[in-house]
J.: 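Have a look at this one before I ask anything.
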Amino acid sequence: MARAAVLGRLTWQVGMVTDIRKETATASTIMIDVPGWPGHAAGQHVDVRLTAEDGYSAQRSYSIASAPGRDRLELTVQRLEDGEVSPYLTDVLMVGYPLELRGPIGGWFVWDTGAGRPVLLVAGGSGVVPLMSMIRARAEIGSRTPFRLVYSVRSPETVLYAAELAERGQAGDGLEVSYVYTRSAPPGAQVRVGRLNPVVLAAPGWTREAAPAVFICGPTGFVEAAASLLVKAGHDPGVIKTERFGPSGGQA
Amino acid sequence: MTTHLDGNVLAGTFGEVFAVDITTAVGQCASCGTREAIGQAMVYTDAPGLVARCGSCGEVVLRVTRSAGRTWVDMRGVSYLELQTPGQ
(Lines give C-alpha, C1' and ligand atoms only; values in the text may rest on other atoms or scores of the structure.)
Protein backbone atom coordinates (compact mmCIF):
# COMPACT_ATOMS: atom_id res chain seq x y z
CA MET A 1 0.00 0.00 0.00
CA ALA A 2 1.16 3.50 -0.65
CA ARG A 3 2.36 5.46 2.32
CA ALA A 4 -0.75 6.86 3.94
CA ALA A 5 1.14 9.82 5.34
CA VAL A 6 0.45 12.50 2.81
CA LEU A 7 2.42 15.67 3.24
CA GLY A 8 0.25 18.12 5.10
CA ARG A 9 -0.14 19.48 8.58
CA LEU A 10 -2.27 17.65 11.08
CA THR A 11 -5.68 19.04 11.80
CA TRP A 12 -8.43 18.01 14.18
CA GLN A 13 -11.48 16.25 12.81
CA VAL A 14 -14.71 15.19 14.44
CA GLY A 15 -15.80 11.59 14.10
CA MET A 16 -18.98 9.88 15.21
CA VAL A 17 -18.99 6.75 17.34
CA THR A 18 -20.91 4.04 15.50
CA ASP A 19 -20.31 1.05 17.74
CA ILE A 20 -18.51 0.04 20.93
CA ARG A 21 -17.36 -3.49 21.61
CA LYS A 22 -16.15 -4.65 25.00
CA GLU A 23 -12.91 -6.60 24.58
CA THR A 24 -12.06 -7.38 28.21
CA ALA A 25 -13.22 -6.14 31.62
CA THR A 26 -11.12 -3.01 31.15
CA ALA A 27 -10.75 -2.51 27.41
CA SER A 28 -13.15 -1.52 24.65
CA THR A 29 -12.97 -1.09 20.92
CA ILE A 30 -14.57 2.06 19.60
CA MET A 31 -15.70 2.20 15.98
CA ILE A 32 -15.68 5.70 14.56
CA ASP A 33 -16.92 7.16 11.30
CA VAL A 34 -14.72 10.01 10.18
CA PRO A 35 -15.89 11.65 6.96
CA GLY A 36 -12.91 12.24 4.69
CA TRP A 37 -10.58 9.98 6.70
CA PRO A 38 -7.83 9.08 4.21
CA GLY A 39 -7.03 5.63 5.60
CA HIS A 40 -3.85 4.77 7.47
CA ALA A 41 -0.82 2.53 7.32
CA ALA A 42 -0.95 -0.42 9.71
CA GLY A 43 0.80 0.61 12.93
CA GLN A 44 -0.12 4.29 12.93
CA HIS A 45 -1.96 6.09 15.72
CA VAL A 46 -4.32 8.99 16.26
CA ASP A 47 -4.53 11.68 18.90
CA VAL A 48 -7.86 11.95 20.69
CA ARG A 49 -8.85 15.20 22.40
CA LEU A 50 -11.53 15.67 25.04
CA THR A 51 -12.68 19.16 25.89
CA ALA A 52 -14.72 20.02 28.98
CA GLU A 53 -17.39 22.68 29.03
CA ASP A 54 -15.04 25.05 30.82
CA GLY A 55 -12.56 24.70 27.97
CA TYR A 56 -10.10 22.39 29.76
CA SER A 57 -8.85 19.81 27.33
CA ALA A 58 -6.81 16.62 27.54
CA GLN A 59 -5.26 14.69 24.71
CA ARG A 60 -3.85 11.17 24.34
CA SER A 61 -2.53 8.96 21.57
CA TYR A 62 -4.24 5.69 20.66
CA SER A 63 -3.14 3.11 18.14
CA ILE A 64 -5.50 2.25 15.33
CA ALA A 65 -6.67 -1.36 15.62
CA SER A 66 -8.50 -1.80 12.34
CA ALA A 67 -7.12 -2.65 8.92
CA PRO A 68 -6.60 0.44 6.77
CA GLY A 69 -9.81 1.75 5.31
CA ARG A 70 -11.42 5.01 4.28
CA ASP A 71 -13.91 7.03 6.32
CA ARG A 72 -13.80 4.81 9.40
CA LEU A 73 -11.43 3.40 11.96
CA GLU A 74 -11.37 1.44 15.19
CA LEU A 75 -9.45 2.23 18.35
CA THR A 76 -8.99 -0.17 21.23
CA VAL A 77 -8.66 1.65 24.52
CA GLN A 78 -7.33 0.14 27.72
CA ARG A 79 -8.84 1.79 30.77
CA LEU A 80 -6.20 3.24 33.09
CA GLU A 81 -7.38 3.44 36.69
CA ASP A 82 -6.10 6.97 37.26
CA GLY A 83 -6.43 7.99 33.63
CA GLU A 84 -7.78 11.33 32.51
CA VAL A 85 -9.00 10.27 29.07
CA SER A 86 -9.35 6.48 28.93
CA PRO A 87 -12.09 6.13 31.60
CA TYR A 88 -14.24 8.53 29.58
CA LEU A 89 -13.64 6.52 26.40
CA THR A 90 -14.36 3.13 27.99
CA ASP A 91 -17.10 4.05 30.49
CA VAL A 92 -18.92 7.18 29.34
CA LEU A 93 -18.69 7.38 25.56
CA MET A 94 -21.74 5.98 23.78
CA VAL A 95 -22.82 5.24 20.23
CA GLY A 96 -23.78 8.49 18.53
CA TYR A 97 -21.33 10.63 20.50
CA PRO A 98 -18.88 12.80 18.60
CA LEU A 99 -15.17 12.29 19.15
CA GLU A 100 -12.43 14.72 18.22
CA LEU A 101 -9.31 13.19 16.72
CA ARG A 102 -6.45 13.81 14.34
CA GLY A 103 -4.28 11.53 12.28
CA PRO A 104 -3.11 9.20 10.96
CA ILE A 105 0.14 9.90 12.79
CA GLY A 106 3.62 8.42 12.61
CA GLY A 107 5.30 6.72 9.68
CA TRP A 108 8.06 4.89 11.56
CA PHE A 109 6.21 2.09 13.34
CA VAL A 110 4.48 0.93 10.19
CA TRP A 111 4.39 -2.36 8.32
CA ASP A 112 5.23 -1.92 4.66
CA THR A 113 2.78 -4.39 3.12
CA GLY A 114 4.94 -4.74 0.03
CA ALA A 115 8.14 -5.64 1.89
CA GLY A 116 7.65 -9.42 1.67
CA ARG A 117 10.03 -10.44 4.47
CA PRO A 118 8.59 -12.41 7.41
CA VAL A 119 7.22 -10.29 10.23
CA LEU A 120 7.71 -10.97 13.92
CA LEU A 121 5.31 -9.07 16.16
CA VAL A 122 5.98 -8.86 19.88
CA ALA A 123 3.24 -7.38 22.06
CA GLY A 124 3.16 -6.52 25.74
CA GLY A 125 -0.42 -6.06 26.97
CA SER A 126 -2.35 -3.48 24.99
CA GLY A 127 0.74 -3.04 22.81
CA VAL A 128 -1.00 -5.62 20.65
CA VAL A 129 -3.32 -2.96 19.19
CA PRO A 130 -1.15 -1.57 16.35
CA LEU A 131 0.13 -5.10 15.68
CA MET A 132 -3.47 -6.24 15.29
CA SER A 133 -3.88 -3.61 12.61
CA MET A 134 -0.93 -5.21 10.79
CA ILE A 135 -2.46 -8.70 11.16
CA ARG A 136 -5.79 -7.44 9.84
CA ALA A 137 -4.12 -5.53 7.01
CA ARG A 138 -2.32 -8.71 6.00
CA ALA A 139 -5.62 -10.62 5.91
CA GLU A 140 -7.37 -7.82 4.06
CA ILE A 141 -4.90 -7.83 1.18
CA GLY A 142 -4.70 -11.65 1.09
CA SER A 143 -0.99 -11.59 1.92
CA ARG A 144 0.75 -14.86 2.73
CA THR A 145 3.76 -13.14 4.27
CA PRO A 146 4.72 -15.30 7.27
CA PHE A 147 3.63 -13.53 10.45
CA ARG A 148 4.20 -14.51 14.03
CA LEU A 149 2.69 -12.77 17.03
CA VAL A 150 4.24 -13.32 20.45
CA TYR A 151 1.76 -11.81 22.86
CA SER A 152 2.66 -11.32 26.51
CA VAL A 153 -0.31 -10.95 28.86
CA ARG A 154 -0.85 -11.10 32.59
CA SER A 155 -3.60 -13.69 32.37
CA PRO A 156 -6.00 -15.17 29.80
CA GLU A 157 -8.70 -12.68 30.87
CA THR A 158 -6.62 -9.74 29.68
CA VAL A 159 -6.13 -11.00 26.11
CA LEU A 160 -7.46 -8.58 23.51
CA TYR A 161 -9.00 -10.07 20.34
CA ALA A 162 -8.72 -13.61 21.77
CA ALA A 163 -11.37 -15.21 19.55
CA GLU A 164 -10.23 -13.44 16.40
CA LEU A 165 -6.58 -14.34 17.02
CA ALA A 166 -7.51 -17.98 17.62
CA GLU A 167 -9.45 -18.06 14.36
CA ARG A 168 -6.81 -16.29 12.31
CA GLY A 169 -4.05 -18.40 13.86
CA GLN A 170 -5.81 -21.59 12.81
CA ALA A 171 -6.54 -20.47 9.27
CA GLY A 172 -3.33 -22.10 8.01
CA ASP A 173 -2.31 -19.12 5.95
CA GLY A 174 0.96 -18.34 7.65
CA LEU A 175 0.01 -16.57 10.86
CA GLU A 176 1.23 -18.08 14.14
CA VAL A 177 0.15 -16.82 17.54
CA SER A 178 2.01 -17.61 20.77
CA TYR A 179 1.18 -16.40 24.24
CA VAL A 180 3.35 -15.63 27.22
CA TYR A 181 1.46 -15.51 30.52
CA THR A 182 3.20 -13.48 33.19
CA ARG A 183 0.80 -14.04 36.12
CA SER A 184 -1.55 -16.91 35.33
CA ALA A 185 -2.03 -19.31 32.42
CA PRO A 186 -5.28 -20.85 31.18
CA PRO A 187 -6.37 -23.80 33.34
CA GLY A 188 -4.87 -27.03 32.06
CA ALA A 189 -2.50 -25.31 29.63
CA GLN A 190 0.93 -26.85 29.33
CA VAL A 191 2.70 -23.52 29.59
CA ARG A 192 4.92 -22.03 32.22
CA VAL A 193 3.98 -18.73 33.77
CA GLY A 194 6.76 -16.21 33.45
CA ARG A 195 8.32 -13.43 31.48
CA LEU A 196 9.11 -13.30 27.81
CA ASN A 197 12.16 -15.49 27.23
CA PRO A 198 14.61 -16.39 24.45
CA VAL A 199 13.01 -19.80 23.89
CA VAL A 200 9.58 -18.49 22.97
CA LEU A 201 11.12 -15.85 20.70
CA ALA A 202 13.28 -18.36 18.87
CA ALA A 203 10.53 -20.64 17.55
CA PRO A 204 11.42 -22.79 14.54
CA GLY A 205 11.55 -20.63 11.44
CA TRP A 206 11.81 -17.44 13.45
CA THR A 207 15.45 -17.27 14.40
CA ARG A 208 17.84 -14.64 13.06
CA GLU A 209 18.41 -16.70 9.90
CA ALA A 210 14.82 -15.97 8.87
CA ALA A 211 15.71 -12.27 9.15
CA PRO A 212 12.19 -11.14 10.01
CA ALA A 213 11.18 -7.54 10.27
CA VAL A 214 10.40 -7.04 13.96
CA PHE A 215 7.78 -4.80 15.56
CA ILE A 216 7.70 -4.57 19.35
CA CYS A 217 5.02 -2.58 21.16
CA GLY A 218 4.25 -2.31 24.85
CA PRO A 219 5.26 -0.53 28.02
CA THR A 220 8.85 0.74 28.02
CA GLY A 221 10.31 -1.99 30.24
CA PHE A 222 8.74 -4.73 28.14
CA VAL A 223 9.89 -3.21 24.85
CA GLU A 224 13.47 -2.85 26.02
CA ALA A 225 13.58 -6.38 27.41
CA ALA A 226 12.15 -7.84 24.19
CA ALA A 227 14.48 -5.83 21.95
CA SER A 228 17.46 -6.80 24.03
CA LEU A 229 16.56 -10.52 23.88
CA LEU A 230 16.23 -10.34 20.11
CA VAL A 231 19.52 -8.50 19.62
CA LYS A 232 21.26 -11.04 21.88
CA ALA A 233 19.75 -13.80 19.73
CA GLY A 234 21.47 -12.26 16.72
CA HIS A 235 18.68 -10.24 15.10
CA ASP A 236 19.88 -7.12 13.31
CA PRO A 237 19.00 -4.09 15.47
CA GLY A 238 18.33 -2.25 12.21
CA VAL A 239 15.22 -4.32 11.46
CA ILE A 240 13.73 -3.98 14.94
CA LYS A 241 11.14 -1.23 15.25
CA THR A 242 9.76 -0.35 18.63
CA GLU A 243 6.92 1.67 20.05
CA ARG A 244 6.72 2.36 23.77
CA PHE A 245 3.63 3.63 25.43
CA GLY A 246 2.96 5.12 28.81
CA PRO A 247 0.13 6.75 30.72
CA SER A 248 0.90 10.17 29.31
CA GLY A 249 0.29 8.90 25.80
CA GLY A 250 2.49 11.47 24.20
CA GLN A 251 0.86 14.52 25.63
CA ALA A 252 3.03 17.56 25.17
CA MET B 1 11.03 8.52 38.69
CA THR B 2 11.13 9.18 35.01
CA THR B 3 10.79 6.66 32.27
CA HIS B 4 11.07 7.36 28.62
CA LEU B 5 8.90 6.59 25.64
CA ASP B 6 10.23 6.94 22.11
CA GLY B 7 10.19 9.23 19.11
CA ASN B 8 6.83 7.94 17.92
CA VAL B 9 5.21 10.27 20.47
CA LEU B 10 6.72 13.32 18.76
CA ALA B 11 4.72 12.76 15.59
CA GLY B 12 1.54 14.55 16.59
CA THR B 13 3.21 17.62 18.04
CA PHE B 14 5.52 18.07 15.05
CA GLY B 15 2.64 17.31 12.70
CA GLU B 16 0.87 20.41 14.00
CA VAL B 17 3.55 22.65 12.61
CA PHE B 18 5.49 20.70 9.97
CA ALA B 19 4.18 18.76 7.01
CA VAL B 20 6.88 16.09 7.13
CA ASP B 21 6.80 13.03 9.37
CA ILE B 22 9.40 13.49 12.09
CA THR B 23 9.45 9.80 13.11
CA THR B 24 10.93 8.58 9.83
CA ALA B 25 13.42 11.45 9.70
CA VAL B 26 16.98 10.33 10.35
CA GLY B 27 18.88 12.65 12.64
CA GLN B 28 22.57 12.80 13.34
CA CYS B 29 23.34 13.32 17.00
CA ALA B 30 25.48 16.43 17.35
CA SER B 31 27.14 14.89 20.36
CA CYS B 32 28.18 11.39 19.30
CA GLY B 33 27.49 11.38 15.57
CA THR B 34 25.08 8.43 15.61
CA ARG B 35 22.51 8.47 12.83
CA GLU B 36 19.15 7.26 14.03
CA ALA B 37 15.51 7.51 13.01
CA ILE B 38 13.85 10.03 15.29
CA GLY B 39 11.14 7.42 15.90
CA GLN B 40 13.72 5.47 17.89
CA ALA B 41 15.02 8.31 20.06
CA MET B 42 14.26 8.15 23.78
CA VAL B 43 11.58 10.70 24.55
CA TYR B 44 10.78 12.01 28.01
CA THR B 45 7.26 13.33 28.26
CA ASP B 46 7.19 14.47 31.87
CA ALA B 47 9.48 17.45 31.38
CA PRO B 48 7.95 20.75 30.28
CA GLY B 49 7.33 19.73 26.68
CA LEU B 50 8.92 16.73 25.04
CA VAL B 51 12.63 15.97 25.28
CA ALA B 52 14.22 13.55 22.84
CA ARG B 53 17.56 12.00 23.70
CA CYS B 54 19.96 10.07 21.50
CA GLY B 55 19.40 6.32 21.86
CA SER B 56 23.15 5.85 21.71
CA CYS B 57 24.76 8.47 23.98
CA GLY B 58 21.75 9.88 25.82
CA GLU B 59 22.39 13.52 24.95
CA VAL B 60 19.42 15.76 24.17
CA VAL B 61 18.78 15.86 20.42
CA LEU B 62 15.43 17.67 20.18
CA ARG B 63 13.10 19.55 22.45
CA VAL B 64 9.64 20.75 21.63
CA THR B 65 7.44 22.81 23.90
CA ARG B 66 3.95 24.18 23.29
CA SER B 67 2.29 26.94 25.16
CA ALA B 68 -0.41 29.50 24.51
CA GLY B 69 -0.56 29.16 20.75
CA ARG B 70 3.18 28.88 20.24
CA THR B 71 5.53 25.99 19.62
CA TRP B 72 9.23 26.13 20.42
CA VAL B 73 11.54 23.67 18.71
CA ASP B 74 15.10 23.36 20.04
CA MET B 75 17.24 21.37 17.61
CA ARG B 76 20.74 22.14 18.80
CA GLY B 77 21.35 18.46 19.48
CA VAL B 78 21.02 17.34 15.87
CA SER B 79 23.67 18.27 13.33
CA TYR B 80 21.21 17.48 10.54
CA LEU B 81 17.88 15.88 9.79
CA GLU B 82 17.34 13.76 6.71
CA LEU B 83 13.65 13.99 5.89
CA GLN B 84 11.54 11.78 3.68
CA THR B 85 9.87 13.91 1.07
CA PRO B 86 8.11 11.46 -1.25
CA GLY B 87 7.03 12.64 -4.66
CA GLN B 88 9.79 15.20 -5.02
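Here is how names work: the chains are called A, B, and so on, in the same order as the sequence lines, proteins then strands, and each is numbered from 1. Atoms considered below: every heavy atom in the structure, side chains included; atoms not considered: hydrogens, waters and symmetry mates. These numbers come from a predicted model, not from an experiment.
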J.: Taking B/Q40 for the side chain and A/T242 for the main chain, is one N or O donor matched with an acceptor at less than 3.5 Å?
T.: yes
J.: How many angstroms lie between atom CZ of A/R244 and atom CG of B/L5, to the nearest 0.5 angstrom?
T.: 8.5 Å
J.: Starting at CG of B/D21, measure out to CD1 of A/I105 and round the result to the nearest 0.5 Å.
T.: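 B/D21 CG to A/I105 CD1: 10.0 Å, rounded to 0.5 Å.
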J.: Less than 4.5 Å to any heavy atom of chain A: does that hold for the side chain of B/V43, its backbone, both, or neither?
T.: neither
J.: Using a 4.5 angstrom heavy-atom cutoff, name the option from B/P48, B/G39, B/S67, B/A47 with the most pairs to chain A.
T.: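 Most pairs with chain A among the choices: B/G39.
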J.: Return the NZ to OG1 distance between A/K241 and B/T23, rounded to the nearest 0.5 Å.
T.: 8.5 Å
J.: Working to the nearest 0.5 Å, report the span between CD of B/E16 and CH2 of A/W12.
T.: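 Here the rounded value is 7.5 Å.
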J.: In Å, rounded to the nearest 0.5 Å, how long is the span from CG of A/D47 to OG1 of B/T13?
T.: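 Separation between the atoms: 7.0 Å.
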J.: Of all heavy-atom pairs between B/A11 and A/H45, which one has the smallest distance, and what is that distance?
T.: CB-CE1, 4.5 Å
J.: Check whether more than 12 heavy atoms from other residues, nucleotides or ligands sit under 6.0 Å from atom CZ of A/R148, and answer yes or no.
T.: yes
J.: To check you understand the geometry: which heavy-atom pair defines the closest contact between A/W108 and B/T24, and what is its length?
T.: N-CG2, 3.5 Å
J.: What pair of heavy atoms forms the shortest contact from A/T220 to B/H4, and how long is it?
T.: OG1-O, 2.6 Å
